[in-house]
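Only one structure is covered here, and it is reproduced in the block below.
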There are 2 protein chains.
Amino acid sequence: MNGHETVQPPLDDASVASDPVRASTAEIKSVIASMIAEEGERNSAAGTALDRNCAHDRVRWAILERIMDGTYQPGERLKELTLAREFHLSQAPVREALRKLEAIGVVKSEPYRGARVRELSPTELRDAYQLRGILEQAATEFIADFPEEAVRTLETEYAAMRAAVTAGDLQGVACHNRNFHRCIVERCQNQEILRAWKSLGICMRARLNVQRRLDRLPEAILSHQPIIDALRTGNLRYAGQLLRDHSFGFVSDLV
Amino acid sequence: MNGHETVQPPLDDASVASDPVRASTAEIKSVIASMIAEEGERNSAAGTALDRNCAHDRVRWAILERIMDGTYQPGERLKELTLAREFHLSQAPVREALRKLEAIGVVKSEPYRGARVRELSPTELRDAYQLRGILEQAATEFIADFPEEAVRTLETEYAAMRAAVTAGDLQGVACHNRNFHRCIVERCQNQEILRAWKSLGICMRARLNVQRRLDRLPEAILSHQPIIDALRTGNLRYAGQLLRDHSFGFVSDLV
DNA sequence: ATTCTTAGGATTATCGATAATCCGCCGCTC
DNA sequence: GAGCGGCGGATTATCGATAATCCTAAGAAT
């Protein structure tokens, strides 16, 4: 593909970034960063320099980014040698990257048949939204306290979300929505809940494509306001209830 | 390839099974089988012959089994070439197996430092038990109906659990306990909840080692009876509440 | 025309070897 | 004797090549 590159020795981030569709790259990066952080947490307390050294980790990061930003569509084939050539690597590290992505459910592969970006059926999506609601409710009940500073972050994200929806920027809506919810769940004392929520987030990546009911989107977004209010007044239990209902609300759109 | 084998084509289960500590192998097998099934579900609707073909899947299965049955202790080093020699394979499939195990949190690896069986801190274990309680409560509320046949299964497992505890067979207790809970969660309509619960089960493998408070074990087991009663009378919501409390009850033993 | 068989091309799975990195040990300096 | 710097063994990371498998489609048989 974008073969013989310029400088970067093995996997040049340049090629990754200069390539295709690019909208709000910074936002996407932050999402990706949180995912990487998730795995870092799982692997070691301070998950930092892990993906700097290993080619297979860089490849995994790059593929994940492309899946998240829509470069690779759901169902799209991921050929090992093609990716290897693109990254100026051999097949082995690409395979390892795909194995990890397969294990966390981002990619689906069959022996001798290759790997594809995993597609989510409406049923799976419905189940995922329900589970997200359950986890967010539980997480909220485990929050020790919700400081004013965090409330302000919520308001910022909420405002950005409304701005994005009026601008018709679905990508932006998805991103700020995710940030909003993450800001809440991250305050949870229970790391396993947080981990489960994040691993679910990976599967929810099917950006708002599924939200074909664009007309109902604005009203869905407005339901974030009461959540902010409940959190500000420290009514965590009620906030949890609202979050659960909020997620369950999407279910009806999905069969 | 490694043609000249005896019977089992590549990875001879013989060597795997003839090796070390062995207690109630059949029970362990069933646990493993359920885990494999879990991944099968994730990979394709009918996850069956996937791990028959690929060496890396068989290796993953074998390593997982050894971790589950205690052959590989938490923290133990897993050397790639040692495993490769043992399975009569090259390094590549072993690496792929380890990458997958790493992604699901069973193994932890650092670049150039190798892979180890992941250890769970008391805090992680506490969080895991809490999450399990939450998931089981949610799952129960999503159950459509709980037939008499399933109730009988629960009673069977419950009886086996009590028998195991009087016999001092901790492995057996853990296994039947797991079967008991699985029988409930499997009736859940929401596949994502089921998946999350199963992936948690992998981390809870730290068998009942943690349950050093052996004296309190019998009473903890008795708390299964009201759950059975609630399910038999169709009081699913109450059963969910009991299951949550049941799991949370273990938390106090773990700080 | 339809079905069956079977080359051919494409891709994955595995191998064996090499490069890169880490760790402990030994001698050296002070 | 203590600290330091670099050799050597051990192990992982990556490579390039080969074997195994799958898919397609052309051709033969009915």
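Since this is a predicted model, take the numbers as computed values, not measurements. Note on naming: letters A, B, ... go to the chains in the order of the sequence lines (proteins, then strands), and numbering restarts at 1 for each one.
- A straight line from CG of Leu83(B) to P of dT12(D) spans 9 Å, rounded to a whole angstrom.
- Between Glu192(A) and Lys198(A) there is no salt bridge, since no side-chain nitrogen of the basic residue lies less than 4.0 Å from a carboxylate oxygen of the acidic one.
- Counting non-hydrogen atoms under 4.0 angstrom, Leu98(A) reaches nothing in the nucleic acid.
- Counting to the nearest Å, the C1' atom of dT14(D) and the CD atom of Glu80(B) are 11 Å from each other.
- With dC15(D), dT11(D), dC15(C) as the candidates, the nucleotide lying closest to the side chain of Ser90(B) is dC15(C).
- Residue Arg113(A) has its side chain nearest to dC22(D) when only dC15(D), dA13(D), dC22(D) are considered.
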Would you check, one step at a time, whether the test side-chain hydrogen bond (donor to acceptor under 3.5 Å, both in side chains) holds for Gln191(B) with Asp127(A)? CA-CA 6 Å; Gln191(B) 293 301 112; Asp127(A) 291 356; over 6 Å; no
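- The side chain of Ala92(B) has dC15(C) as its nearest neighbour among dC15(C), dT12(D), dC23(C).
- Evaluation of the side chain to side chain contact (heavy atoms under 4.5 Å, CB included) rule for Arg85(B) yields Leu81(B), Thr82(B) as partners, not counting sequence neighbours.
- Here the P atom of nucleotide dT12(C) and the CD atom of Glu96(A) are 16 Å apart, to the nearest Å.
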Polar-atom pairs under 3.5 Å, protein N or O versus N or O of nucleotides 17-20 of chain C: list them with distances, or write none.
none

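- Between His56(A) and dA13(D) there is no side-chain polar atom (N or O) within less than 4.0 angstrom of OP1 or OP2.
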Look for any protein N or O under 3.5 Å of an N or O in nucleotides 7-9 of chain D and output each such pair with its distance, or none.
none

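- Protein atom NZ of Lys79(A) is 8 Å distant from nucleotide atom C1' of dA10(C), rounded to whole Å.
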Take Val185(A) and Leu135(A) through the side-chain contact (heavy atoms from CB on, under 4.5 Å) test and state the conclusion after the steps. CA-CA 9 Å; Val185(A) 179; Leu135(A) 290 174; over 6 Å; no
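- In this structure, the CZ atom of Arg77(B) is 10 Å from the C1' atom of dC22(C), given to the nearest Å.
- The side chain to side chain donor-acceptor pair (under 3.5 Å) test applied to Ser90(A) returns no partner, not counting sequence neighbours.
- For the salt bridge (charged side-chain N to carboxylate O under 4.0 Å, His left out) test, residues two or more places apart in sequence or in another chain that qualify with Glu96(B) are Arg95(A), Arg99(A).
- Using a distance-only test at 3.5 Å, with no hydrogens or angles considered, a donor-acceptor pair links the side chain of Glu124(A) to the main chain of Ser121(A).
- Residues that satisfy the ring-ring contact (aromatic ring centres under 6.0 Å, His included) test with His56(A), not counting sequence neighbours, are absent from this structure.
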